[in-house]
Structures are given as C-alpha cells and as structure tokens.
Amino acid sequence: MTVSSSASPCRVGIIGGTGLTQLSGLSISGEREVDTPWGEPSAPLVFGTLDGQGVVFLARHGDPHRIPPHQVNYRANLWALREAGVETVVGVNAVGGIHSEMGPARVVVPDQLIDYTWGRPSTYFEGELESTTHIDFTHPYTPKAREILIEKARAAGLGCSDFGVYAATQGPRLETAAEIRRLERDGCDLVGMTGMPEAVLAMELKMNYVCLALVVNWAAGKTDHIITMEEIDAAIDQGMSGVKRILADSVAELGSL
Ligand code: HPA
C-alpha cells in the first residue's frame, strides 16, 4: 500500500506495546510493509496524522499481538522508523510498578534505565567495522521529549510520575518476589520487558527517544496476591485512554524537536 504524498512529514514514531496494538485517533493515510538490512519489523508501518502531525505507528508485538518481548526485532523496528523519516520515537510500554507511587493505571515518564536483558541483538555496530564506537548513553531518554509528555499529562489533569528508573528484564515470564526486591535495591522504580534494546538502538540511529509507561500491575511480591492477566487488562482499560490523550496532545511539539 502506498503513502499519500500530501501527508505531513512523519517526524514522530510511536511504538505501541501491550494494550496499544492500534492507535485509535490516528487518521490513517497508508500502511507500508517494509524490509530492512536487519530483517522485517514487527508489523507494517501505519502512516497518518494525529492532531495534524505526521505520525508513523508500529505495533511492537505485531498486529495481532503475537511476538514476545525477547523475540521482537528491535533493530528492524527502529531502522524502519528511521528510514520513514522519524526523528523522535515514543516507546509506549506496559510495566509493573515497584515504587509506592507507581500503582496500576499510573502513567510514568522514566528518566533512567537499567538493562537486565540478555541475548538480544542490541547494537547496529557489529560485523566488519572500520572502528569501534562507544556511544554516550548517560541519559537514555531525550530530556526535552520527556518534558513535553509530562507537561501535557499534567495539563490534561492526569496523574503522571516524572521520574523513574526502568528495569528492562528478559521475560517473557514475570519476576519472582526476590528479583523485584533486588531490582528495588538496585534503585529501580518500574519493570518492563521491552524498554531495551529499543532505547539504545534509537540513540545509535541519532533519534530522540522517550518512554511513556503505563503501570498495569504491582510488581511481584508488592501485594499479597499473584499477578493475573485480568488485573493487567483492567489497568490497561483504565489507563490507556490517558496514554492516548498524552500522545495526541504531545505529537505536534515532539514533531518540532
Ligand atoms: N514485570 C515485567 N514486565 C511487565 C510487568 C511486570 O510486572 N508488567 C507488565 N510488564
């Protein structure tokens, strides 16, 4: 399928995670199946406008939702967005809450991350290289993009935590209570399975990157009951409309970063 040439430039890419396989509110102008040197992305790129801003949407787990976190082709996803002209990526992530402020349905814009994943292709710098490159990753999320999301969330009257260390775990299983206690000792506030290597790949491609996280459960051991899909679905139902509102209100400013 082709993309309308009259569409505004798609400077903003939105990667939707669990609970956000399609972006309602996006006025769709076209869909494109693409291939990259790193393989196929999770789904066709969906082009459209959101609040007048050109946007490319990509379902991280495929549409329908079928690719587990450790099997997402993160390199192909980010590459495809870059090739489509995206300069700023918003990664929407469902997460477990560790910090006492981060209960179900809470929106969090984290400022740091710790990577606990393993075995995922996590760099474009491999193979026959002329020199080794070490990119700076001190601030994994673009500060200005974070400010925009936080300001729009507040303006919309939505509860939003403006800090947080995101623990990226391997999955697809959830954690043990002891693992969560360890993450907490490490300084982590929220836990998810898809935040890395997405953030670092965006940085390698010199794109802005920001995480918009929705807490969908208390992390393991934080309550006296086990985590169920029902509670996760209920939190998604409760919180995803706020996430969509923040996206719609933010894309125009994100597009001019
Ligand atoms: N742990 C890891 N990833 C998650 C969780 C969790 O509790 N909830 C949603 N994604």
Side-chain angles (χ1 to χ4, degrees), residues 14-21 42 58-72 74 77 90-120 122 140-141 149 159-161 163-200 209-244 246-247:
I14 297 172
I15 303 181
T18 301
L20 193 67
T21 301
S42 302
L58 175 57
R60 185 187 286 116
H61 299 280
D63 181 14
H65 190 288
R66 64 193 153 73
I67 309 169
H70 61 296
Q71 289 184 327
V72 170
Y74 296 93
N77 286 354
V90 184
V92 180
N93 299 88
V95 297
I98 300 175
H99 190 284
S100 59
E101 174 175 310
M102 299 175 190
R106 180 82 175 175
V107 169
V108 185
V109 182
D111 59 331
Q112 277 295 329
L113 66 79
I114 299 180
D115 188 9
Y116 299 91
T117 67
W118 47 269
R120 302 182 182 190
S122 57
Y141 306 116
L149 295 185
C160 171
S161 299
F163 67 94
V165 178
Y166 177 113
T169 55
Q170 179 68 0
R173 66 168 177 83
L174 297 167
E175 297 71 35
T176 65
E179 285 170 335
I180 293 298
R181 287 197 298 272
R182 173 190 163 205
L183 296 183
E184 198 165 13
R185 287 195 300 275
D186 281 358
C188 298
D189 301 301
L190 60 165
V191 55
M193 302 173 193
T194 50
M196 281 292 281
E198 203 170 90
V200 72
Y209 184 84
V210 65
C211 168
L212 181 56
L214 176 66
V215 180
V216 296
N217 56 278
W218 282 113
K222 286 279 153 193
T223 62
D224 53 11
H225 61 267
I226 60 164
I227 300 164
T228 64
M229 282 313 294
E230 288 72 30
E231 77 173 288
I232 290 178
D233 289 341
I236 289 172
D237 282 351
Q238 200 187 330
M240 199 51 84
S241 56
V243 167
K244 291 179 188 164
I246 297 167
L247 289 171

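Just so you know, ligand 1 is whichever comes first in the structure, and atom 1 is the first atom listed for that ligand. Predicted model, so just to flag it, every value in this text is computed and none were measured.
- For ligand 1, the 4.0 Å heavy-atom shell contains residues Ala94, Val95, Gly96, Leu174, Glu175, Val191, Gly192, Met193, Val216, Asn217.
- Not counting sequence neighbours, the partners of Glu198 by the salt bridge (Lys or Arg N to Asp or Glu O under 4.0 Å) test are Arg60.
- Residues Thr117 and His70 bring no donor and acceptor atom of their side chains to less than 3.5 Å of each other.
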Could you walk me through whether Met193 and Asn93 pass the side-chain contact (heavy atoms from CB on, under 4.5 Å) check? CA-CA 9 Å; Met193 302 173 193; Asn93 299 88; over 6 Å; no
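- Between Pro69 and His61 there is a side-chain heavy-atom pair separated by less than 4.5 Å.
- Atom CD1 of residue Ile236 and atom OG1 of residue Thr18 lie 6.0 Å apart, to the nearest 0.5 angstrom.
- Contact annotation: the side chain of Leu212 approaches that of Leu247 to within less than 4.5 Å [non-hydrogen atoms, C-beta and beyond].
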